[in-house]
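Quick note: residue numbers are just sequence positions, from 1. Quick note: numbers below take in every heavy atom, side chains included, and nothing from hydrogens, waters or symmetry partners.
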Amino acid sequence: MGWWPVLFLDEPTEWLAPDTAAAVLADILGAACGRTTLLVTHERAGRKRTTPS
């Protein structure tokens, strides 16, 4: 993934198995550190992973 200050991700893990989706999402969010990231998803796992505490 190239360096862009803003990322828009529309269902990046759609159609992946749950374990694969979790691994891919973790990699994406790790690479997105320090960037504004908009993640569109219907999956609860994605919402929980990105929601600030």
Side-chain angles (χ1 to χ4, degrees):
M1 174 168 24
W3 196 92
W4 297 95
V6 178
L7 299 175
F8 178 81
L9 305 169
D10 185 11
E11 297 283 356
T13 59
E14 185 69 18
W15 302 107
L16 297 178
D19 291 344
T20 303
V24 168
L25 185 58
D27 287 345
I28 288 172
L29 294 178
C33 186
R35 306 174 196 201
T36 299
T37 306
L38 177 62
L39 174 65
V40 177
T41 184
H42 294 98
E43 298 295 325
R44 289 178 185 242
R47 290 195 306 257
K48 286 183 179 181
R49 175 72 168 87
T50 59
T51 302
S53 303

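Under the 4.5 Å side-chain heavy-atom criterion for ILVMFWY residues, a single connected hydrophobic cluster contains both L29 and L16.
For the atom pair CG (L39) and CZ (F8), the distance works out to 9.0 Å, reported to the nearest 0.5 Å. Taking CG of L7 as the start and CD1 of I28 as the end, the distance is 9.0 Å to the nearest 0.5 Å.
Residue T37 comes nearest to A32 through the heavy atom pair OG1-CB, 3.4 Å, listed as atom of the first residue, atom of the second, then distance. Residues E11 and T41 share a closest heavy-atom pair of OE2-CA, 3.6 Å.
Crowding of D19 atom CG: a count of heavy atoms from other residues, nucleotides or ligands under 6.0 Å not exceeding 12.
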